[in-house]
Every structure is written in structure tokens, then in C-alpha cells.
Amino acid sequence: MRNNDNILGRLPEDWDVVPIGKLYDFTKKPKEILYSNYDQLPFIAMDLIPIDILYLDKFKLKKSTEISSGTYIEDGDILLAKITPCFENGKQCIVTGLPNGFGIASTEIIPIKEKAGTSSKYFLYYYLLKSDVRKLIAGKMEGATGRQRVPVHLIKQLFIPFPLLSEQQKIAAVLFKIQKAIEIQESIIEKTRVLKKSTLHHVFTHGLRGERLKETEIGPMPESWDLIKIGECCDVRSSTISFNELNRGRSKNNDVLCHAIKVSDMNLPGNEKYIFAANIEVELSSKLVYEKAIPANSVIFPKRGAAIATNKKRLTTLWSLLDPNLIAIIPRARITSEFLYYWFLTFDLASIQDLGPTPQLNKKDVEPISIPFPSDREQLEIVKILRAIDHKIDHHTAKKSALQDLFKTMLNKLMTGAIRVKDLDIDVSEVSA
């Protein structure tokens, strides 16, 4: 029985099943190449190996005398990470652009190349991204827990479905086009985030009216703007109830739905700006809610430990109870909640934390913070601009997510022959060089 029959499943009758080691070569250093003949050599450390990006053309040049160990690689090789968790995270790529056609990589890399005219490196690259293949290989790693490695012989012995080269290339071409579309969306998202960062800086120092600027304790800002303290326009509150007491607050009448928020809830999908969901949601009596909870449209952020340095800020959407590691800024009538939220995105929380064995910040640290204060109308106009940028990021993030789902579906169906492309007219020039 082959070592991965359980994931190969039923394949088309015209496909073969062959060990990777018979179809692909595992790059080895030729005897005639002497590193000492070169002043510098390209070196690829593990941190340069990407996730979800096909090509790697970035490397460091190191003096050959400084390279004491490493794996010989050649231009066009698949570089497969073999150490946990890099392997489990999907670190792999096809290296390109190496001077002189070769270089050195981390010893934790397995370099693999295609056999010309027989196999497609792109086909293997994508096959090795299948989640069930990764899981199978991860289960056979060798070595101490936490630092296990994929043995080269395991990859060589791994059976792979093997259609004709022409179909391999068409399968790879379809997946390549989806992957490039994902990369385009990621590029748009990253550029839009850069735009947001520069826009935040501009609107909070120059405003929207082209006014003359004045110098203040927090830097330049428009002459018509005021400078006020957080304590003058907001209420600052932190935890007022233990989550262990939540059941005591339940009543049969006038129940109010609340989020009981922990720092980890800030990381839930969909909670990038607003807290739309929490792992704990409870219905409490209105009396207890009004006494203990903070209202919707409050700005919250971490107040204790290493989480402060993450600078995560969120807006609440329901009445919310906070665990002891969070603090809330509740805006009063003079300032809009989104304006306050966006301004806090420019503020480094670590600059006001009390240093010690456990860093923390409290009400006394937050209330004296000075913030710019434009008119109500200009606050709303600034929010509108920044909200539009956020919508663009959300739009392209959703497109990227949809493409990633499509990629996973097509990867499984193409690699098992559930979808056949052999008779389709597909441009394979991008995966046949």
C-alpha cells in the first residue's frame, strides 16, 4: 500500500501515481562549484521564505567566507521549509533571479527541481500546498517536539498523482492565475493601508480647510481647532464586574443583550474596527447594565501587559462588560465616537503606560491626553473620508477571502481530477518557462 493512498482517493484512469523522487530532482551542489571562487553569494534565510506568494526574488548577499553552512540551491528551485512551524504554516516558494544561477539557503530548506520535459515544478508546488498533503507530511516529521523536521526521504517517497505534462501545466496555470489574483488583492489592501496611514496623519495635522497651522503640545494643527483633554470630553472606565458574577445579574424581565469582552475578542474575524461579536454574550437586567456596562460607540483598548504594545483599538456595538485587561473611552456629546477612534489610531499607547514587571495604563494615564478638537461638521467630514478608505480595505479583503476559498476548492478538485482541464484552451506560458 502506498504511503498516502488515503489522500489520493479515486483518480482518473489516464493518470499515473508515482513517487516524487522519480519525477523530480533534489538539488545537490556540483563538485566543480567552489564557494571560495566568489566574493559574495546570495543567501536566503528562513525569514525570507514567503507564505502564499509564489516567487521569491529577494535575498541577502553574504561574503562567501561568512557562510559556514547552508543548502545549495539553484535558480528555479522549489524551496520547501522542512522545520515546524514553518512547514505547517505553508512556507514554500520558487526562487528566481539568483546571480550566477545559484545560491545558499537555510539548512532547513529542501530544494526541488523539475525534470525537463517530464514534470512541472508548478504542479508539484501546488500539490504540496494541499492541506491533506501537509497534514500527512506533518504527521511523519522526525525529531524532538517543537523542532521536528521533514526528512528528505519522506518527500521522495510521497506518491503524487501524475497526469501528462500538458495537463499538469494546465492545472498549474489555473491555480497560478487565481494565486496572482489573490496577490493583486493583497497588494491593493497593503497600498490602501499605507494611504490610510498617511491620510490619518494629514487630516489630524492639517484638517480639511487648508487653514494656517499653529504649533501645539501635540504638534501642528489648524488654527480654528481647539486642544482638549480626554477627561474634558470623555468618560474613562475599566472593569467593574467579574465575569464570574455574570449569572447573578440575569433576570426574567427587561433583559439587555451585552458583550462580555476580553482582549482576545478584538482578534475575532470581523472585529477589525467594531466589536460585532464576542465569545461571551449575556442577557442581564437593565439595572445591572446601566450600573456596570459601557455603552455602544465606546473606544476600547488593552490596558495591561504586552497587549498594550499591539496598539489595538476597537469600537463597541452593544452594551459591553470589560475584563480587567481592557479600558474604555466613552465620548460625550461634544465629540463623535468615530472621530475619537480614528484619532486614537495615530496614538501610541505604549507612550503612556506605567513601566514595571507588568506594564499597564489606567484612568489617570488616559484622562490627561490632549487631542485635537475641530467643529462637529469637520469631525464628520474627516470620519467620512477615513470610513471610505476602510470600506475600500474591507471590499478588497472580502475579494481576497473569496479568491482564497476558490483557490482551495480548485486545488482539491484539480489535483484529484474531479475537474478536468486537459481539453481546455488554457494559456500555460506563465508556468512552462
Side-chain angles (χ1 to χ4, degrees), residues 197 200-201 204 216-219 227-246 248-249 258-282 284 288-332 335-373:
K197 185 175 181 179
L200 283 166
H201 174 75
F204 287 118
T216 71
E217 65 184 74
I218 63 169
L227 193 66
I228 60 174
K229 306 288 186 184
I230 288 289
E232 297 171 1
C233 62
C234 303
D235 296 316
V236 181
R237 292 182 62 190
S238 52
S239 175
T240 54
I241 187 173
S242 168
F243 283 13
N244 294 328
E245 300 178 44
L246 293 180
R248 301 178 189 174
C258 293
H259 285 148
I261 304 174
K262 297 183 178 182
V263 172
S264 58
D265 292 315
M266 302 174 80
N267 300 323
L268 293 177
N271 282 0
E272 291 79 14
K273 177 180 178 181
Y274 292 100
I275 298 291
F276 286 120
N279 286 310
I280 302 175
E281 293 184 359
V282 292
L284 301 176
L288 184 65
V289 166
Y290 298 145
E291 289 177 357
K292 303 294 186 179
I294 63 167
N297 297 312
S298 299
V299 178
I300 63 171
F301 46 80
K303 58 166 288 188
R304 183 174 298 168
I308 295 173
T310 66
N311 270 306
K312 290 185 173 72
K313 293 96 178 183
R314 301 290 188 267
L315 282 162
T316 59
T317 57
L318 297 177
W319 285 99
S320 300
L321 302 164
L322 306 180
D323 88 343
N325 297 306
L326 288 166
I327 195 167
I329 315 298
I330 307 168
R332 300 180 194 141
I335 192 164
T336 63
S337 59
E338 277 190 277
F339 179 85
L340 182 66
Y341 162 79
Y342 282 121
W343 182 82
F344 260 106
L345 293 185
T346 71
F347 185 79
D348 181 13
L349 297 175
S351 66
I352 59 168
Q353 69 182 356
D354 292 331
L355 297 177
T358 302
Q360 59 183 324
L361 53 87
N362 295 292
K363 181 176 181 178
K364 67 178 179 60
D365 304 303
V366 176
E367 285 187 331
I369 297 173
S370 296
I371 64 171
F373 188 66

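Every heavy atom of this structure was used, including side-chain atoms; hydrogens, water molecules and symmetry mates were not. Fair warning: this is a prediction, and the values are worked out from it, not measured in the lab.
- The closest donor-acceptor contact from the side chain of Arg314 to the backbone of Val299 lies at 3.5 Å or more, if one exists at all.
- Here the straight-line distance linking atom CG of Leu345 with atom CG of Leu200 works out to 6.0 Å at 0.5 Å rounding.
- Taking both residues in full, the closest heavy atoms of Ile308 and Ala350 are given as CG2-N, 4.1 Å, listed atom of the first, atom of the second, then distance.
- Counting heavy atoms of neighbouring residues, nucleotides and ligands inside a 6.0 Å radius, atom NZ of Lys273 exceeds 12 of them.
- Scanning for side-chain hydrogen bond (donor to acceptor under 3.5 Å, both in side chains) contacts around Asn267 gives an empty result, with sequence neighbours left out.
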**Report entry** Asn271/Met266 under side chain to side chain contact (heavy atoms under 4.5 Å, CB included): CA gap, chis, key distance, verdict
**Finding:** CA-CA 6 Å; Asn271 282 0; Met266 302 174 80; 5.9 Å; no
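- Put simply, the side chain of Thr316 reaches to within 4.5 Å of the side chain of Ile294, judged on heavy atoms.
- Gln353 pairs by the side-chain hydrogen bond (donor to acceptor under 3.5 Å, both in side chains) definition with nothing, not counting sequence neighbours.
- Between Leu318 and Cys258, the closest side-chain pair of non-hydrogen atoms is not below 4.5 Å.
- With sequence neighbours left out, Phe373 forms a ring-ring contact (aromatic ring centres under 6.0 Å, His included) with no residue at all.
- Among residue pairs with one or both ends in residues 298-311, those qualifying as side-chain hydrogen bond (donor to acceptor under 3.5 Å, both in side chains) are Lys303-Asn362, Asn311-Lys313, Asn311-Asp348; sequence neighbours excluded.
- Not counting sequence neighbours, the partners of Lys229 by the side-chain hydrogen bond (donor to acceptor under 3.5 Å, both in side chains) test are Ser370.
- When atom types are taken as modelled, the side chain of Arg332 and the backbone of Cys234 share a donor-acceptor pair closer than 3.5 angstrom.
- When all heavy atoms of Val366 and Leu361 are compared, the pair lying nearest together is CG2-CD1, 4.0 Å.
- Using a 4.5 Å heavy-atom threshold, the side chains of Leu227 and Glu217 count as touching.
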Report task. Starting from the C-alpha separation in whole Å, work towards a yes-or-no answer on side chain to side chain contact (heavy atoms under 4.5 Å, CB included) for Asp354 and Lys364. Result -> CA-CA 11 Å; Asp354 292 331; Lys364 67 178 179 60; 3.0 Å; yes
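- For Tyr341, there are no ring-ring contact (aromatic ring centres under 6.0 Å, His included) partners at least two apart in sequence or on another chain.
- Looking only at side-chain heavy atoms (C-beta outward), Pro331 and Thr336 stay at 4.5 Å or farther from each other.
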Report task. Step by step, work out the side chain to side chain contact (heavy atoms under 4.5 Å, CB included) result for Leu326 and Lys262. Result -> CA-CA 7 Å; Leu326 288 166; Lys262 297 183 178 182; 5.5 Å; no
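- A 4.5 Å side-chain heavy-atom check between Lys292 and Leu321 finds at least one atom pair inside the cut-off.
- Smallest separation of non-hydrogen atoms from Ser238 and Ile327: CB-CG1, 4.1 Å.
- Screening residues 296-331 for ring pair (Phe, Tyr, Trp, His ring centres under 6.0 Å), with sequence neighbours left out, gives Tyr290-Trp319, Phe301-Phe344.
- The side-chain hydrogen bond (donor to acceptor under 3.5 Å, both in side chains) search around Asp265 returns Asn279, not counting sequence neighbours.
- When the salt bridge (charged side-chain N to carboxylate O under 4.0 Å, His left out) test is applied to Glu291, the partners found at least two apart in sequence or on another chain are Lys287.
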Query raised in the report: What's the verdict on side chain to side chain contact (heavy atoms under 4.5 Å, CB included) for Leu322 and Ile300, showing C-alpha distance, side-chain angles and the deciding distance?
Result: CA-CA 9 Å; Leu322 306 180; Ile300 63 171; 4.2 Å; yes
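- Every side chain to side chain contact (heavy atoms under 4.5 Å, CB included) that Asn297 has, sequence neighbours left out, goes to Ser337.
- How far CG of Leu315 is from OH of Tyr274: 5.5 Å, rounded to the nearest 0.5 Å.
- Ile261 is listed as a side-chain neighbour of Ser320, based on a closest heavy-atom distance under 4.5 Å.
- Less than 6.0 angstrom separates the ring centroid of Trp343 from the ring centroid of Phe347.
- The main-chain N or O of Ala293 is found under 3.5 Å from a side-chain atom of Arg237 such that the two form a donor-acceptor pair.
- Looking only at side-chain heavy atoms (C-beta outward), Thr346 and His201 stay at 4.5 Å or farther from each other.
- At a threshold of 4.5 Å between non-hydrogen side-chain atoms, the residues Leu340 and Ile371 count as touching.
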